[in-house]
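Note sheet for the following structure.
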Amino acid sequence: MHYRYFPGCTLKTQAKEMEDTALAAASALGIELQELPEWQCCGAVFPLSDDELITLLSPVRTLAAAGGEPLVSLCAACHHVLKRAQEVIKRNPDTREKVTDFLEVDYAGEGRVLHFLEVLRDDLGFDRLKEQVSHPLAGRKIAAYYGCLLLRPAKEMQFDDPENPTIMEDLLRSLGAEVVSTAYRTECCGAYLSVTEEKVATATAEKIVHSARRAGAEALITACPLCRYNLENIGGPALPVYYFSELLAEALGVAALKEVARG
Amino acid sequence: MAERRINNMEKIRTAVAQDLLSGRIDLLLGWEKGLYWWQSRPLFARNSEDLQRLTWDSFCVANLSGYLQEELKENKKIGILLKGCDSRALNRLVQDQMVDRERVVAYGLPCPGLLDPRLLKQEAGLELTALGIEEGEDRVTLTGTKGKSIAREELLLEKCRRCHHPDPVGCDQLLLPPVGSREDRSRFHQVTRLEEIPAEERFAYWSSQFERCLRCYACREACPCCSCRECFVEQEEPRWLGKAHENSENFIYHLTRAFHSAGRCVECGECQRVCPVELPLMELSSKIIKDINELYGEYQAGLDTEQDPPLLTYQPDDPAAFVE
Amino acid sequence: MSTALGKTGEVPVNGASPEKERWTPLIVAFCCNWCSYAGGDLAGTSRMDYPANVKVIRMPCSSRINPLFILRAFQRGADGVLVAGCHPGDCHYTSGNYYVRRNLSLFRRLLEFSGIEPERFQVSWISASEGDKFAGVMQSLTEEIKALGPNGKWRDSRWQSVE
Amino acid sequence: MIFSESYHRFIDELKKNTGQDPNQCYQCAKCSAGCPVVAAMDLLPHQVIRYLQLGLLGELEESRTPWICASCFTCAARCPRDLDLARLMEGVRLAVLRLREGNRLSPADLELTPEQLEKLPAQALVSSFRKYAK
Amino acid sequence: MPRIGVFICWCGTNIAGTVEIEQVVNAARSFPGVVYAGDYRYLCSEVGQKLIKDTIKKENLERVVVGTCSPRMHEVTFRKAVAEAGLNPYLLEVANLREHCSWVHKDPAEATPKAIALVRAAVSKASLDEPLTALMLDVEKRALVIGGGIAGIQAALDIADSGYTVDLVEKEPSIGGRMAQLEKTFPTLDCAACILTPKMVEVAQHPNINLLTYSEVEAVSGFVGQFDVRIRSRARSIDPSKCTGCGICYEKCPAKVPSEFDMELGKRKVIYVPFPQAVPNIPVIDRENCLYFKRGRCRICEKECPAEAIDFEQQDEIIERRYGVILVATGFDSMDLTGYGEYGYGQHPDVLSALQFERLFNASGPTAGQVVRLSNGRPPQRVVFIQCVGSRDIARGQNYCSKICCMFTSKQAILLKEKLPETEAYIFYIDLRTAGKGYEEFQRRAAEEYGVIYLRGSVGKVFPEGERLLVRGVDSLSGRPLEIEADLVVLAAASVPRRDAPELARLMSINSDRYNFFDEAHPKLRPVETHTAGIFIAGACQAPKDIPEAVAQAGAAAAKAVTLLSKEKLQSEACVAKVDPARCSGCLHCEAVCPYGAIAATETEERVRGELLTRTVAEVNPALCQGCGCCTMTCRSGSVTLQGYTDEQMLAEVDALCLQR
């Protein structure tokens with residue numbers, strides 16, 4: 001189980017604990033995540049206009065660097081941009097030619113682009129993961145929060161059912177936690193609106209957190225640093241928001257290795 | 001090696017003599033030496049004198065199955081000596097109800113692969129009349145020159161070089177020990193070579209070939225699977241094709257004849273061998289066989305008579321060689 | 001009156017010769033009565049537009065085709081031939097087009113092997129409700145054949161067409 | 001004036017870049033119904049498409065809606081006409097940025113406290129500048 | 001060369017609009033064999049046909065070529081006209097100058113030469129036409145109706161009433177179909193059972209109808225007048241002659257499974273009748289879930305049955321019969337809604353499909369006619385209906401409008417307000433489609449009299465919040481986002497063909513459209529016939545439709561069936577294959593590919609050098625041959641040809657078309 005690993009800018013800064021806990025859990029599970037020797041920011045948002053080629057350069061450079069081996073990322077936004085960039089390269093020969101000529105790389109869309117959750121579900125398997133859980137999160141009522149970028153557009157991301165995903169719930173169950181489900185788990189958290197339209201972002205995030213709290217959740221998990229920031233940056237009683245990897249590491253008993261200062 | 005060939009001959013002769021003389025068969029189809037040592041021609045043996053001329057050597061190339069349809073009109077039961085390809089031709093004719101298997105006694109002769117006189121002439125560099133040959137296990141020495149010896153594989157007829165099943169199938173008795181199948185040999189290298197050259201060059205190649213065609217129809221006469229009573233070129237109503245020496249007509253004759261052999265050709269190479277202007281006719285039917293194998297699964301005509309011929313069956317999800 | 005194409009074989013190899021400008025492709029289409037011919041009728045009732053170079057011969061089923069009809073068309077100077085039938089499984093006679101698919105697949109590869117451009121002989125499944133596909137196939141077929149230029153490859157040099 | 005000359009040039013450019021044709025929409029308003037930030041919009045998403053269909057480009061220029069859209073793809077996931085409104089919205093944003101006004105966001109306008117700036121994930125800054133500035 | 005007459009039709013301006021008729025007629029006059037060439041504005045009209053008949057007699061024509069619309073349209077008309085003039089009807093050829101020429105080529109400079117080429121081809125083919133006579137085949141005076149819904153029932157009754165025996169095959173244990181599941185029907189609010197049950201009883205008691213329920217068609221072969229059909233009548237595990245329908249067995253049966261009739265809302269016993277008014281009123285044992293069949297235990301029904309009618313050893317019965325006509329009325333399913341996760345269907349008990357909601361109103365339904373929430377059993381205060389779920393949706397559903405949902409939702413809203421006047425009813429719609437007789441008025445009553453609130457817009461998502469369902473939508477007319485706290489959400493699911501429709505279509509080789517609804521021969525001219533002669537269709541299996549239309553189509557299809565059955569003899573296909581024994585070498589490849597088994601081996605004699613030898617050749621049975629021509633493609637030597645489309649004719653057409661650049 002060897003993968004090339006793309007961390008993304010935020011995982012080296014504000015979301016350091018996501019990377020540390022994920023890498024610790026991965027090695028405990030015998031999954032080798034070999035960081036790309038050289039990488040840049042994935043671009044955070046996927047360019048939605050066909051004449052925006054410059055913004056494809058960075059993700060395609062990363063895809064080419066993986067050299068056709070399976071490429072794993074932890075952050076939902078990075079996985080979203082990389083996967084859709086690969087899809088464009090596969091589907092649009094004209095764009096491929098322009099971008100790969102400019103980058104002077106030979107890349108035609110080969111290799112699997114995976115999120116770490118997909119590795120756990122499809123390659124490792126949640127049942128084998130359950131066997132390695134030493135500290136089950138017994139009695140912990142956790143709600144899974146997916147957001148947008150992992151699920152949509154479903155035809156390209158092929159991650160899970162966009163309206164009724166189960167991958168995070170299945171992970172939580174294999175970690176022994178008690179799963180709480182809210183219909184807001186696939187609603188947008190407000191994303192980059194928190195920079196310029198903070199009130200709008202806070203309103204959407206509040207709906208999600210309050211619904212989880214009403215459903216009895218004690219904490220939320222997510223796979224996206226921006227979702228976590230928005231879900232914590234709300235008025236009224238908040239809920240702790242963990243990265244899924246933090247609970248994973250805790251259940252595997254490797255979390256205590258490094259006490260992380262929680263904001 | 002020579003003795004082995006002689007007692008092989010005796011084994012064959014005694015086996016067939018028993019059936020011919022006892023009246024079990026009233027005609028035996030075999031080979032006899034022709035005018036020169038490198039020629040063996042078909043033998044129609046009816047009595048023991050004829051049998052004396054019977055021979056089995058590396059030049060008995062004619063596919064005798066082609067005579068059965070006509071000969072069975074007069075003879076009640078016919079014995080026939082069959083190499084691997086010949087036996088498959090018989091099976092295919094039986095499968096097409098052209099020949100009644102009950103009225104045929106098939107003697108199988110596992111075939112060591114036959115020699116090509118043209119290649120012998122090239123090797124010897126002399127007229128063959130001044131030579132003779134000694135056939136060893138897998139080498140051939142030319143007597144009368146400085147004792148030159150060549151690997152047998154290099155002297156084989158083109159069709160034998162591609163032969164996967166030298167052992168006859170579906171015969172009543174095998175007169176010699178089987179030699180084993182040779183699935184390792186490549187069959188379609190000529191076809192692939194032609195497929196790879198551009199279309200214009202291919203058209204030029206075939207045009208130059210078919211321009212030489214005399215429309216003598218020897219290929220049709222020699223081919224065992226050409227079993228129609230009246231070939232489409234002969235028909236007047238409708239007049240499918242003219243008789244003129246016209247390049248388009250030569251093209252259409254050969255393409256149609258090859259297409260009519262689809263699912264029937266046993267790659268016995270007779271069409272190419274008998275052609276007076278040496279047209280590469282085997283490449284046309286081999287191309288079809290290659291496509292059948294690629295598109296609809298491995299099919300060797302006459303090898304397994306239980307298997308449906310490719311054009312008489314279908315699968316709902318068959319691939320198509322066009323954009324559906 | 002020998003036409004600009006001269007004797008067989010002297011084919012203006014796709015060069016943009018002046019004759020090419022005046023030349024319009026002649027395409028013969030064999031259509032099965034129940035599906036593709038009815039698709040053509042639907043294209044008509046829907047007033048779709050496609051080039052007039054394609055002329056249709058009606059057959060009860062695509063399995064009425066005989067390779068010699070196709071070769072005869074090429075011999076008479078056709079630049080392209082189409083055989084159209086029902087989608088496999090929808091044949092009015094249950095299995096006709098299954099056999100056509102095998103026969104014409106092998107025949108098309110044989111033609112290609114003999115040096116004729118594959119675009120000149122095409123097979124297409126068009127159902128009675130696909131008027132748009134019928135018009136589309138006729139359009140794309142004419143354009144492809146126009147790009148290839150006249151087909152002198154098998155034109156019988158004795159054949160005289162009238163203006 | 002609904003269909004001015006510049007309209008046709010604008011719409012053809014929009015269609016080419018986004019690969020989407022506004023006329024495909026029959027105004028069922030499913031996008032507006034599911035949009036998480038619709039409350040903050042002056043023009044509802046389906047009205048944006050309607051304005052594109054009618055060529056009311058001036059109003060689109062003034063509207064806040066393209067800048068409230070968070071590109072969360074919910075509308076595109078549920079549209080019964082398979083129209084990708086996320087791409088259309090980006091097309092409108094780019095048109096306004098490129099043809100009219102220039103950038104809508106510069107570092108100076110950020111009203112974020114240093115402490116917020118430190119906690120805000122880099123991803124948020126990169127995304128918003130990529131959406132509001134060219 | 002036979003004397004040929006050419007008649008070019010103007011077809012008003014349809015042909016004359018882009019084809020220079022004059023040029024075509026003059027060109028035709030020059031074709032070999034043509035002794036007369038004329039034109040007329042409306043050739044298919046009475047006067048036009050008279051022109052043809054008179055000219056045949058005056059010029060004693062031996063072949064006729066008409067340049068008109070598609071032969072698929074009027075070939076039969078002109079054949080009749082030619083026959084009336086004493087000429088064999090198959091000595092006529094049609095050049096398609098309209099659909100294949102004038103309507104598709106705008107430029108006369110292109111259309112006219114093409115028209116001339118098409119006429120030239122028709123003339124060259126006509127010159128080689130031979131007179132053909134169709135055989136007269138007998139017609140099995142029995143009809144098969146597949147599908148026991150309202151359409152199948154109506155068709156069976158109409159055919160039976162005209163004196164012919166009918167086998168009505170129904171897959172479910174009882175006839176009644178979709179309509180039996182309804183409570184009331186629009187626009188009259190008739191109770192569905194009240195108008196359906198009497199017809200079901202009439203079917204059961206009709207002397208000419210043989211009812212085969214719990215049965216399926218397995219194989220169909222043959223052709224019009226002589227369809228050979230194999231039907232599997234599945235074992236009910238109950239002896240019908242003994243069973244009195246008392247119902248003790250399904251009272252006592254311990255095992256319960258979700259009821260298909262109640263759309264999985266309620267439960268039914270393993271030995272069951274789908275609904276109380278079932279016809280026949282004989283239960284069946286569902287062998288997949290019966291404890292005895294699964295684990296060899298129980299047999300309580302056997303002990304309890306006073307009539308000892310239970311028979312576990314009963315086997316499926318295979319019925320093989322010949323029919324003159326087949327009438328397909330297999331109805332429709334409502335679409336599976338799992339692809340629409342945003343509504344929470346299948347996740348939350350209070351989100352129902354329209355058909356499930358209908359069952360709540362039904363006295364024999366899962367809630368005995370009480371409209372209550374399935375989560376807590378209490379009546380709803382607020383019900384939200386959502387339209388076009390799966391319809392008009394090219395992304396996840398069907399690209400058509402299912403036609404009946406606007407009406408049945410308005411009906412359900414009225415039924416709801418009649419039962420629970422205080423309950424609020426909201427309907428999210430895109431366009432209200434109420435096009436039937438009395439439909440608009442019915443919908444206005446829902447809005448004005450019953451206060452149903454119609455919201456033009458859609459629902460984005462349904463959020464289960466505590467006890468209730470938060471429905472987030474928008475009213476696009478006012479441009480206002482809405483949030484409604486609902487107790488029940490009802491989805492108007494699209495109507496789609498039955499799951500086994502593609503298989504049935506293939507069984508009978510009838511065409512279907514890209515959604516798998518069966519294709520009618522012509523939407524306007526032959527709406528209840530299929531392309532396969534002798535097979536008719538009626539009801540929702542052809543396209544979504546309401547009960548009035550289904551019944552009307554059933555009557556029409558029955559009438560068509562009866563006209564066919566009333567014929568003493570049927571004309572067989574005249575253009576059939578024929579073998580030339582002299583040329584045939586007896587390889588019988590043609591027999592291997594013939595889809596109708598119309599070719600067989602036969603003996604023939606041949607004199608070879610004074611001796612008479614017999615050999616096998618192929619022979620075509622003209623009664624079975626349908627004229628497809630597959631044998632001609634397979635025959636290398638061209639020994640078998642297809643009359644009406646002989647090899648000479650096909651080559652002549654190719655030559656004619658290629659003669660003109």
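Scope of the values below: all heavy atoms of this structure, side chains included, with no hydrogens, waters or symmetry mates. Chain letters run A, B, ... following the sequence lines, proteins first, then strands; residues in each count from 1.
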Check your understanding: Do A:Asp50 and D:Asn17 meet the criterion of a side-chain donor-acceptor pair at a distance under 3.5 Å?
Key ->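 Distance-only check fails for A:Asp50 and D:Asn17.
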Validation row: [X], [Y] side chains within 4.5 angstrom (heavy atoms):
| X | Y | value |
| --- | --- | --- |
| D:Leu105 | A:Thr196 | yes |
| A:Tyr192 | D:Ser71 | yes |
| A:His80 | D:Phe73 | yes |
| A:Glu163 | D:Arg78 | yes |
| D:Gln123 | A:Gln14 | no |
| D:Val126 | A:Cys41 | yes |

Heavy-atom proximity to chain A below 4.5 Å, by part of [X]:
| X | result |
| --- | --- |
| D:Cys69 | backbone |
| D:Ile68 | both |
| D:Glu118 | backbone |
| D:Leu120 | both |
| D:Lys131 | side chain |
| D:Ala86 | both |

Any idea which of [options] has the most non-hydrogen atom pairs under 4.5 angstrom with chain A?
| options | answer |
| --- | --- |
| D:Ser128, D:Ala76, D:Cys35, D:Gly91 | D:Ser128 |
| D:Leu125, D:Leu94, D:Thr18, D:Leu112 | D:Leu94 |
| D:Ala40, D:Gly34, D:Ala124, D:Gly19 | D:Ala124 |

For [X] against [Y], the heavy-atom pair lying closest together:
| X | Y | answer |
| --- | --- | --- |
| A:Leu193 | D:Trp67 | CD2-O, 3.8 Å |
| A:Val45 | D:Arg130 | O-NH2, 3.3 Å |
| A:Cys188 | D:Ala70 | SG-CB, 4.0 Å |

Count the heavy atoms belonging to other residues, nucleotides or ligands that lie under 6.0 Å from [atom1] of [X], then report whether that count exceeds 12.
| X | atom1 | value |
| --- | --- | --- |
| D:Tyr51 | OH | no |
| A:Lys155 | NZ | no |
| D:Glu62 | CD | yes |
| D:Tyr26 | OH | yes |

Review point. Does D:Arg87 come within less than 4.0 Å of A:Glu52, counting only side-chain N to carboxylate O?
Key: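 So D:Arg87 does not pair with A:Glu52 through a salt bridge.
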**Study point:** Best-contacting candidate, A:Cys78, A:Ala154, A:Gly43, A:Gly147, against chain D by heavy atom pairs under 4.5 angstrom
**Key:**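 The residue among A:Cys78, A:Ala154, A:Gly43, A:Gly147 with the greatest pair count is A:Gly43.
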Practice item. Heavy-atom pairs under 4.5 Å with chain D are the metric here; pick the option from A:Cys224, A:Gly8, A:Pro153, A:Cys148 that has the most. Key: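 Going by pairs under 4.5 Å, I would pick A:Cys148.
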